[in-house]
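Data first, discussion second: the structure below is written as structure tokens.
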Amino acid sequence: MAKFTFLGGIHPYDGKDLSRDKPMKAVLPKGDLVYPLSQHIGAPASPVVKKGDRVLAGQKIAEAQGFVSAPIYATVSGTVKAIEPRRVVTGDNVMSIVIENDQAYEEVEYPQPAPVESLSREEIVGKIKEAGVVGMGGAGFPTHVKMSPKEPEKIEYVIANCAECEPYLTSDYRRMLEEPEKLIGGLKVILQLFPNAQGILAVEDNKPDCIELLKKLTQEEPKISVAGLKTKYPQGSERQLIYAVTGRAINYEMLPADVGCIVDNVDTVVAINRAVREGKPLMNRIVTVTGDAVANPQNFIVRIGTNYGELIEEAGGFKTEPAKIISGGPMMGFALFHLDVPTTKTASALLCLTKDEVSEAEPSACINCGRCAEVCPGRVVPKLLAEYAERFDFENFEKYNGLECCECGCCSFICPAKRPLTQAIKSGRKLLLAEKKKKK
Amino acid sequence: MSDLRKVSSNPHIRAKDTTAKIMLTVVIGLLPATLFGIYNFGLRAALIVAISVATTVLTEYIYERLCKKKITVGDFSAVVTGLLLALNLPVSVPLWIPVVGGAFAILVVKLLFGGLGQNFMNPALAGRCFLLISFPAIMTNFECDAYSGATPLAAIKAGQGVNVMDMIIGRTAGTIGETSMIAIVIGACILILAGVIDLKVPGSYIVSFVVFVALFATLSGRTVNGPYISAQLAGGGLMLGAFFMATDYVTRPVTKKGQYVFGIFLGFLTAVFRIFGAGAEGVSYAIILGNLLVPLIEKYTMPKCFGRGGERS
């Protein structure tokens, strides 16, 4: 049964007013485009072009390697300049294809797609796989894998994650408002894969206009409904979303399909629509460029591979020198040490803040107030787990469900002693999971 | 590469509340009881409060200076300890009493165990109990200019009648901050509204106290009626203890269920001490004993996590 919310969570300043009313605007890249071969979960893609090759927009430049992987497409026409390691948002150096943009934006001819209704399950999943669609909410899990659960007939809910609970982000909001038919179209494609499922558009109630619009457009759709969820971070977290919509709860060892659910983010569903109905690969995404340091916050339609620096220029540059630049939202995004990184399939926002609240906050002793446990959507006791992680006491870390942490950041946010709880638990999880893998 | 910016792990934003703000809110919550104490017992009460707070803050400052540690007096936790200790002293104590008690509370109970967050007992209460054991005559002498009789709790214990209305307002003998139920509850409301405390510990403490005190009093052959229970509730340090000392974050369980268990245990102990004990009062001992059980309570009341049954409670 739907709960429309979950236990725990926080209400940070949402900053969405900065960019809420800015319509999506396409940005044409000017400089080189960089395509990291690993911008999804799973095996990195392997290049099918070499240095000096001329490529067109929409041409495949890297092939998926194995089942859990995804191909990558050029998003401009130009010449392959290099295949070399480049810095990405996480700070890692990742093997990437660099394309020198000839600014002609020549695109390949796409074959006329067959009507969706005539396609088989395998054909649809194949098209999604071929288009390089991955989870665009941030995780980057290859979508065709998600679409291939062991027992498709047991899927009861296909949930479009339209929560957009991260502060400052308005990319999904604009997509819903401006291209709702593509979202609904994509959802219908997925529903064709799962005959026993109903589609649910799960929107936070801070977007009443979207809820109203989507309700109106799905009036005639017997299998699709709209769920207005209570606005609270992290409502868009997969586990919390499933719980809010269906009342079913999964732990970290389970997949949504285990409780009959498939969850996909707005932009992912739109990408599925494009892949199956238009036969076009994943080439662009909406990126919210925002923050109090940005002159003119915007929601851009960005060709994947575009340099972040260009996006800032498009948004009028900085009006104030930013103290912190974040790829993604303030709760789960990656802080960047410089702007010379490419937009990837999973980049939802570029957030530039004039204040770095983290370096301003001096951590002090834990006073055991319990607020971290109160806000934790995973219902664990973060202060305890952080202590275990800091002491490398993995036995207790695991015993008290350290692996259940989804790294949403609520505990660090709320902590009055400003302790880096999420960070400690995150490191603890990484170390413990690595150790478990080794033992296997 | 001079344009490199600061990076850090997510999240990149923080809530506004700080430890210092929370402690300051507790101080504000204690002000009604403090002001009533000064009004009730005279300016000497203010002097004792000032000495106690000065002692706790200075002790912390000097210790941290000598040990070359980070100075933490800015978090106001020492102020809370000093203030609570003073409110738990009779107005008639000699002026060196708050100095000895304050220094013991901060130095021995808090700093030697690792400072804020590491103390296993509420420092102010441990300071009070230290004084009670060391200087029982001074600490149980409630005679002062304003009142010459026994405390209402002692009167009840001796089978005498008490004026419950006076007890609720606070016009009785007792320690500086414990007499006025009204002032304490007003302060508690401030803390509850500010989100600093909730009713889990005080609520379960008070309810279980009523149940056990009624039970034990009946067992020991007393007539238990409305006035008796009201007097037990308004008398002694129950209200101050339940709302301001049992709720001390550091020394109460962090788990929700544990907080109820803790509260019920405190109610039980307080009733035992008050009905069967030699003295009339038992709140302080009940709380510091309860503090000692916190690790055990926490261990057995760990919440279930999301996806394993914890999503509903």
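Keep in mind that this is a model prediction, so the values were computed, not measured.
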Side chain, backbone, both or neither: which part of [X] has an atom under 4.5 Å from a heavy atom of chain B?
X: A/P322; answer: both
X: A/A373; answer: neither
X: A/E166; answer: neither
X: A/E407; answer: backbone
X: A/K355; answer: neither
X: A/C369; answer: both
X: A/S359; answer: side chain
X: A/I367; answer: both

*asked:* Parallel, tilted or perpendicular, judged at 30° and 60°: which one describes the rings of B/F104 and B/F130?
replied: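 The arrangement is parallel - the two ring planes meet at less than 30°.
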
*Are B/T72 and B/Y61 linked by a side-chain donor-acceptor pair shorter than 3.5 Å?*
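Side chains of B/T72 and B/Y61: no pair found under 3.5 Å.
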
_If we count only N and O atoms by modelled type, under 3.5 Å, do the side chains of B/K304 and A/N401 hold a donor and an acceptor together?_
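No, no side-chain donor-acceptor pair sits under 3.5 Å.
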
Taking the basic N atoms (NZ, or NE/NH1/NH2) and the acidic carboxylate oxygens, is any pair closer than 4.0 Å for [X] and [Y]?
X: A/R429; Y: A/E404; result: no
X: B/R5; Y: A/E321; result: yes
X: A/K399; Y: A/E395; result: no

*asked:* Would the distance check show the side chain of A/S327 and the main-chain N or O of A/V89 forming a donor-acceptor pair, the cut-off being under 3.5 Å?
replied: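 Checking the backbone N and O of A/V89 against the side chain of A/S327, no donor-acceptor pair under 3.5 Å is found.
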
_If we ignore hydrogens and angles and just use 3.5 Å, is the side chain of A/E357 paired with the main-chain N or O of B/R14 as donor and acceptor?_
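Such a contact is found between A/E357 side chain and B/R14 backbone.
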
*Please identify each residue that fulfils side-chain contact (heavy atoms from CB on, under 4.5 Å) with A/A349, with sequence neighbours left out.*
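Applying side-chain contact (heavy atoms from CB on, under 4.5 Å) to A/A349 gives A/L169, A/T288.
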
*asked:* Could you work out, with ring pair (Phe, Tyr, Trp, His ring centres under 6.0 Å) as the rule, every residue matching A/Y400, not counting sequence neighbours?
replied: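 Partners of A/Y400 under the ring pair (Phe, Tyr, Trp, His ring centres under 6.0 Å) test: A/Y388.
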
*What parts of residues 229-246 of chain A touch chain B if we use heavy atoms and a cut-off under 4.5 Å?*
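Against chain B, the residues of residues 229-246 of chain A that fall inside the cut-off (heavy atoms, under 4.5 Å) are A/R239, A/Q240, A/Y243.
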
*Inter-chain contacts: residues 9-17 of chain A against chain B, heavy atoms under 4.5 Å*: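 Interface residues of residues 9-17 of chain A: A/P12.
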
*Which region of B/I13, side chain (C-beta onward) or backbone (N, CA, C, O), has a non-hydrogen atom less than 4.5 Å from a non-hydrogen atom of chain A, or is it both or neither?*
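Answer is both: backbone and side chain atoms of B/I13 are under 4.5 Å from chain A.
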
